[in-house]
Amino acid sequence: MNRMLFALTILVLTVGAWGAPGTQRRFDWLSAPSALAQAPEITFVGQTTIPSSGNVKYPQVRGYGDAAHIAGSAGSGDNNFTRYWRKAADGTLAFAAPVTLGPVQGQPNYASSDVTIAPNGRVYVVGNNIGDQTIYLWSSSNGTEWNPSDRKVVLRGGGFRVYPHVAASNSRLWVVWNQDGRYRYRTTTDMTGDGGWSGTALVSGHESLGHPAAAVSPDGSRMAVAYGVSAGDIYVGIWNGSEFTERRILDNQFYLADPTIAFGPDNRIWVAWRAVEGRIYLARENDQGNFSVSQLDHAESYGTVSISVDPQGLAHLFWVGNRGDGWKIYYARQGTDGSWGFRIVAPGAFVANGMGAVTVTDFAYGHGVVEYFVGSGLSTRYYLFRSPGDNCLAQSITIGNALPGTNPPVVRDPTVVGTISASAGCTPAEQRVVLNAQDASAPAAAWSGAYNAPITNLEQCRQTVNVQLRANNRSQFDPQWRSVTFIADPQAAGTPVDAAVDVMNPKMFGVIASTFSPVAPAGDLFGEGASAGDPGYTRINQMHLRIADIGDCTGLNEYKVLFENDTVHQSGIITGTFAGNLGVPPQAPNTTLNPGETLFKVQVFDRAGNSFTLPRRMVYDPPGDGGEGRPVMNLSGTNLTTDTNTLSIMRDLIINTIDVTDNLYRRGESSPTRGYVNVQTPPNTSDPTKQFWGLWIAVEYLGKGANAETTYPQLPSSGLTFDNLRWQPIEVRDAAAGARVRLNLFDGVLDRTASSPTNGFGPDLTKDGTYRVYVKALDGAGNASAETYVTTMKLDPGYEVVTIRLPIIAR
């Protein structure tokens, strides 16, 4: 695998949506300090050197309850001692002298120590004594009472072991380490560590690299190990009761190393690690057991990237690095809204291999320890950060009136109701419940543990219930809010279903393809009809129904076509959009569809069960067996002339007079409440110029001869029929005297002079001569008149074709 190193640039936090890998947003927190103020505010309390901590490599820290627990192998040269420090989360930098547990001889890089705390609060420390090839274990019920002589043996002899780490549930211990190019472990259910250890087994068959990291979930039900492998990928091994099941978290083009692991309060696994090319990553286990990865781009860590998760399920990161402006300590904390707060501290010396932990009481305390080099000496430096804790928070917020089985919850009511439970140790006096905005000035109410909030903006889909509590022993509300999100989709909204519904002539919108071919005959001209017309008319027993989701909060689910009496004619399930041809409902249930207007309704449902109903209309206008449905064009009362321009293929037909009558079509017929409005000339049943929709026009090229019209008689002639023509429907919006209809002589023209008649010329400048134009009248349904008006047009040499001039773009 090719993993390329490249230069550091800027530190950018990329936060991915936990349930959707690959969905990311970038936050340039170094170049946008104003954004930091919107994230959790973090105070740097200070730093201090931990007493008696010289020569410690890889110091370890864990948080539990109100205390930080620290372990390391301290001393001088290769003669070190496993030492343990405990510090209460009191907001101070005060450390008492450590507890010295026992000797761990050997090079400090390998003779290291580790600490962990079981869910019940019991503290365990391991030390790796290279001198006698033994991993030792000590334990304390609370971290304040130790018996260094009560030393247990995890494993003795058998090879060169490095980097031991310990994890503990209430009923099982694990110790994992790196040996001979593999991660190995031992486990026991003897919680004193005195015996019952399993044989040494592999965590993974992959070649090992550096430290493994081990953790147990807060309720003790899960245990996992995170590790990097020599190929540069990150894995997690999850304990299944008898062994580890391996999952790969990330394999990309970078070299990945030094992961740490933690569990959230929901027992999900979190992992953080670094890429040696200058990136930091973190991942969280999702509902499917996969890991969604986020990254801090170009954030170089010198050693581990330590991850902790607080009781709110929010991540805390701690690392050390040098981005070119000196060695720095970095602490990052996730906010409840997904934003991140950061604090950067200059230690004033070279630092490496940072580890962090978090404890939460009235405040969230971030504890960090690093290898701190001053001159030729090495000590352990402690850093303390403080941010708002969970003094009195809504531990849980329910949406009580959500539709069953919806996730996120969907509320159909104009109000949202639910319950609130307070965090452990908090007795609230007041509650503040605000929708969407975390408004600390909003009115508060006495604590009841329940809420009923009106949804003021019923059209807003995603809404948030924000809750702030005040403890009965405090005068101020806790600055932290807790939130839960729901989808508001009430029937009472102005538009309970956001959908666009169109009913139209299916031929007009091309949803039934035209059968006319530009070359070969394609059947009965009059049987197929024009491929355009008025949207409210159809010549076949079909209409095109189109339903589009235009932003409904829960999405569309179903449609129904109803008769006027609300009887169902047809229904169907839809997802998002629907487009299809349906039969036109007859004028009444259980009857046959007759020519003429039919009125019906379209009802649309969303996934929340909301519905709305729209009245619609369609005029069924078939041609009729005897042609009674076709428009009739009186040729004796019709006069169409051509323009005088003979040097362009774009020409006008000028309507001097036209006499067309139709049985059903009336231009301008409107039914606004039925979703159809024709804003053309108003209806007038006595005016024949308003009883047709447009013209059906076809063109022939007859050549340059003086007797072209005699040489090529009108169709049908010489085996050719009307079906050989390319008929173009053109709407006539105004049929008053002098109205013009624009057409292109070359568009689908039939070349009568060719040995095999073809349609269309393209940009041909040699086709001057005589053109014959055929014209039929069309009603709104696409029915054509049987009568045909015929005229000719001349095209003189030197004519122009249509051209489009495009700009020249020079690079």
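Quick caveat: nothing in here was measured; it's all calculated off a predicted structure.
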Can you name the closest pair of heavy atoms from [X] and [Y] and give their distance?
X: Leu403; Y: Ala608; answer: CD1-O, 3.6 Å
X: Gln460; Y: Arg462; answer: NE2-O, 2.9 Å
X: Ile307; Y: Thr260; answer: N-OG1, 3.0 Å
X: Ala262; Y: Ala215; answer: CA-CB, 4.2 Å

Let me confirm one number: the [atom1]-[atom2] distance from [X] to [Y], rounded to the nearest 0.5 Å.
X: Thr245; Y: Asn240; atom1: OG1; atom2: CG; answer: 4.0 Å
X: Ile249; Y: Asn290; atom1: CD1; atom2: CG; answer: 10.5 Å
X: Thr406; Y: Phe486; atom1: OG1; atom2: CZ; answer: 11.5 Å
X: Ser294; Y: Leu282; atom1: OG; atom2: CG; answer: 5.0 Å
X: Leu393; Y: Ile420; atom1: CG; atom2: CD1; answer: 12.0 Å
X: Glu41; Y: Ser387; atom1: CD; atom2: OG; answer: 10.0 Å

> Does the side-chain hydrogen bond (donor to acceptor under 3.5 Å, both in side chains) test come out yes or no for Asp258 and Thr304, once each step is laid out?
Replying inline: CA-CA 5 Å; Asp258 298 328; Thr304 54; over 6 Å; no

> Are Asn252 and Tyr281 close enough, and set up right, to give a side-chain hydrogen bond (donor to acceptor under 3.5 Å, both in side chains), and what steps lead you there?
Replying inline: CA-CA 12 Å; Asn252 61 13; Tyr281 296 86; 3.1 Å; yes

Spell out, as yes or no, whether a donor-acceptor pair under 3.5 Å connects the side chain of [X] to the backbone of [Y].
X: Gln334; Y: Ala315; result: yes
X: Glu246; Y: Val236; result: no
X: Glu558; Y: Gly609; result: no
X: Gln603; Y: Leu614; result: no
X: Asn557; Y: Asp606; result: no

Answer yes when [X] and [Y] have at least one side-chain N-carboxylate O distance shorter than 4.0 Å, and no when they do not.
X: Asp266; Y: Arg284; answer: yes
X: Glu285; Y: Arg268; answer: no
X: Asp478; Y: Arg470; answer: no

> When you look at Asn565 and Thr567, which way does the side-chain hydrogen bond (donor to acceptor under 3.5 Å, both in side chains) test go after all the steps?
Replying inline: CA-CA 6 Å; Asn565 64 359; Thr567 302; 2.8 Å; yes

> Checking side chain to side chain contact (heavy atoms under 4.5 Å, CB included) for the pair Ile280/Gln295: CA distance, chi angles, key distance, verdict?
Replying inline: CA-CA 6 Å; Ile280 289 176; Gln295 80 175 48; over 6 Å; no

> What orientation do Tyr330 and Trp319 show, parallel under 30°, tilted 30 to 60°, or perpendicular over 60°?
Replying inline: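 Geometry flag for Trp319 against Tyr330: parallel rings.
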
> In terms of ring plane angle, is the pair His316 and Tyr331 parallel, tilted or perpendicular, where the classes change at 30° and 60°?
Replying inline: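 The rings of His316 and Tyr331 sit tilted, inter-plane angle from 30° to 60°.
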
> How about Thr495 and Glu459: does a side-chain donor come under 3.5 Å of a side-chain acceptor?
Replying inline: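 Yes, Glu459 and Thr495 have a side-chain donor paired with an acceptor closer than 3.5 Å.
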
> How would you list, by chain and number, every residue that makes a side-chain hydrogen bond (donor to acceptor under 3.5 Å, both in side chains) with Thr575, sequence neighbours excluded?
Replying inline: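 Result, side-chain hydrogen bond (donor to acceptor under 3.5 Å, both in side chains) vs Thr575: Arg607.
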
>> Pair Asn436, Asn466 - check side-chain hydrogen bond (donor to acceptor under 3.5 Å, both in side chains), show working.
In response: CA-CA 7 Å; Asn436 301 319; Asn466 298 294; 5.9 Å; no

